[in-house]
Amino acid sequence: MIFDAFARRLRGRSTWRREQEHVAQLVVERPQDTLALAAVLDLELERRGFDAAVHGVRSSLLDLVCALVHDDATHLAARLAARPATSLPEGQDPSVHRSHGAMQIAATRPAAQIWQLLTGPDGLRHRDPELALFLLHELVVRGEPMPPSAGWCEQWARDSGHTLACLPPELLAIEAGLPGWLTRYRGAVGARGIDAPRTVVRERVPLGDVVNGLGAAVPVDRDRISATFAEWVSDSNGRLDVRGYAPGTTFPYGPAPCLTRALPVSRITPAGVLEALFATAIANGASSTGPGGGLARLRSWRAVSGLVGSRWPVPIDELAAAAERTRWIRAAPEDPWFEGVGWDVWLIGATNDRIVVIAATDTD
């Protein structure tokens with residue numbers, strides 16, 4: 001009854017963040033009541049539709065439980081993440097919401113306890129296999145070795161046709177740097193991480209020293225190539241430009257952002273490109289919420305498949321080999337098209353028969 005009154009009182013309040021302090025105290029003192037409070041908030045959202053105050057407190061419950069020093073906190077966190085708030089903000093993908101919840105658990109709770117949820121007899125295998133799959137890939141992208149007893153997750157993904165079924169349950173050599181882009185809290189570093197020196201093959205040179213020129217426009221799969229920037233243009237203030245060209249001998253003036261012979265560029269490694277795509281997906285813009293690590297990894301490889309001109313889906317090791325055969329170039333975002341004070345990415349992938357350019361910019 002007290003929870004019911006609390007849920008009604010929250011609705012429409014501009015000061016609802018103050019209520020989070022009371023909720024935090026409740027979770028610390030009586031963690032066993034957290035699920036009951038979540039159920040009441042869910043019911044309030046289901047009956048009366050989305051409300052920022054109710055949704056905000058409901059979402060904060062997972063953060064609070066993940067931070068608990070309590071023997072049952074990991075189990076409680078999984079119960080909260082298993083069923084996200086009934087009503088989500090308009091346009092928010094429930095799978096992205098669940099994946100983000102799995103990332104929060106993997107970022108804060110002991111890996112051994114999470115593996116127990118995936119392998120134990122009273123775990124998630126029968127109650128929520130999809131959440132188990134999201135948790136599995138959150139641990140994989142952090143470099144955690146999968147125990148054989150968790151192999152049922154892979155089989156379930158294949159049998160159900162889940163979107164994560166194409167991801168291997170271990171990191172490939174080209175993915176060794178991905179764990180470094182994940183932080184111990186929700187979110188990650190921004191796309192400017194592409195400037196990390198270890199991704200650079202050589203110092204900046206004019207683009208004309210690396211690519212002879214641009215030819216006629218060629219079709220590219222924009223949807224796949226822009227996969228890692230989905231929320232930049234849907235939930236934030238970003239812009240995205242994807243173009244494909246046949247190899248040529250000149251740099252004709254074109255629409256912004258414009259490639260010129262004198263544009264400063266650096267050659268970067270295939271691993272650096274993958275890390276740049278992963279970083280953009282996991283952070284996903286200046287004012288938006290990206291997916292968890294598993295979905296970010298999937299989006300990154302989907303983008304690579306479009307950049308190298310491969311079909312999709314294909315085995316990830318085949319894509320890795322194709323990425324190794326591609327010349328990767330990072331252009332300096334000095335064109336006025338870029339925001340300058342936001343997050344900027346300008347990548348060029350060159351094969352024998354085409355040159356693909358992806359440019360993205362976002363700002364608060």
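Just so it is clear, the model here is predicted, and its values are computed rather than measured.
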Would you mind writing out the side-chain donor-acceptor pairs for residues 25-36 within the sub-3.5 Å range, not counting sequence neighbours?
unit_1	atom_1	unit_2	atom_2	d
Gln25	NE2	Glu29	OE2	2.5
Arg30	NE	Asp33	OD2	2.5
Arg30	NH2	Asp33	OD2	2.4
Thr34	OG1	Pro31	O	2.9

Query raised in the report: Taking it one step at a time, do Arg98 and Leu131 satisfy side chain to side chain contact (heavy atoms under 4.5 Å, CB included)?
Result: CA-CA 7 Å; Arg98 285 166 64 81; Leu131 179 61; 3.7 Å; yes
I want to check something: taking the side chain as every heavy atom from C-beta on, are [X] and [Y] in contact at a cut-off of under 4.5 Å?
X: Leu298; Y: Thr163; answer: yes
X: Val357; Y: Leu214; answer: no
X: Ser99; Y: Glu138; answer: yes
X: Leu259; Y: Val211; answer: no
X: Glu175; Y: Leu274; answer: yes
X: Leu178; Y: Glu275; answer: yes
X: Leu10; Y: Leu41; answer: yes
X: Arg222; Y: Leu240; answer: yes

**Report entry** ILVMFWY cluster, Leu347 and Val218 together (side-chain gap under 4.5 Å)
**Finding:**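 Per the 4.5 Å side-chain linkage, Leu347 and Val218 are not co-clustered.
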Requested in this report: Apply side chain to side chain contact (heavy atoms under 4.5 Å, CB included) to Arg311 and Arg224, showing your working.
Outcome: CA-CA 10 Å; Arg311 67 189 190 282; Arg224 272 196 278 155; 5.6 Å; no
Query raised in the report: Who passes salt bridge (Lys or Arg N to Asp or Glu O under 4.0 Å) against Arg239, sequence neighbours left out?
Result: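 Listed in chain order: Glu339.
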Query raised in the report: Taking only residues two or more places apart in sequence or in another chain, which ones pass salt bridge (Lys or Arg N to Asp or Glu O under 4.0 Å) with Arg127?
Result: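 So Arg127 forms no salt bridge (Lys or Arg N to Asp or Glu O under 4.0 Å) with any residue.
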Report task. Just do the side chain to side chain contact (heavy atoms under 4.5 Å, CB included) check on Trp312 and Asp221 with the steps written out, would you? Result -> CA-CA 11 Å; Trp312 176 264; Asp221 192 326; over 6 Å; no
If you look only at distance, which donor and acceptor atoms sit under 3.5 Å apart when one is on a side chain in residues 243-257 and the other is two or more places apart or in another chain?
unit_1	atom_1	unit_2	atom_2	d
Arg243	NE	Asp241	OD1	2.9
Arg243	NE	Asp241	OD2	3.4
Arg243	NH2	Asp241	OD2	3.1

Query - side-chain contact (heavy atoms from CB on, under 4.5 Å) partners for Pro168, two or more places apart - result: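 Only Glu170, Leu172, Arg297, Ile316 meet the side-chain contact (heavy atoms from CB on, under 4.5 Å) criterion with Pro168.
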Requested in this report: Verify whether one side chain among Glu334 and Trp346 offers a donor that lies under 3.5 Å from an acceptor in the other.
Outcome: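 No, Trp346 and Glu334 have no side-chain donor paired with an acceptor closer than 3.5 Å.
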**Report entry** side chain to side chain contact (heavy atoms under 4.5 Å, CB included) assessment of Val356 paired with Ile348
**Finding:** CA-CA 6 Å; Val356 181; Ile348 303 169; over 6 Å; no
Query - Sole residue of Glu154, Glu130, His137 in side chain to side chain contact (heavy atoms under 4.5 Å, CB included) with Leu164 - result: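 So the option named by the test is His137.
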Query raised in the report: Looking only at heavy atoms, which two atoms of Phe338 and Ala359 are closest? And how far apart?
Result: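 Shortest heavy-atom contact: CZ-CB, 3.9 Å.
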Query raised in the report: For the residue pair Ser226 and Ile358, what are the closest heavy atoms and their distance?
Result: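 Where Ser226 meets Ile358 most closely, the heavy atoms are CA-CD1, 4.5 Å.
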Query raised in the report: Got a sec, which residues hit ring pair (Phe, Tyr, Trp, His ring centres under 6.0 Å) with His162, two or more places apart in sequence or on another chain?
Result: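 Applying ring pair (Phe, Tyr, Trp, His ring centres under 6.0 Å) to His162 gives Phe134, Trp156.
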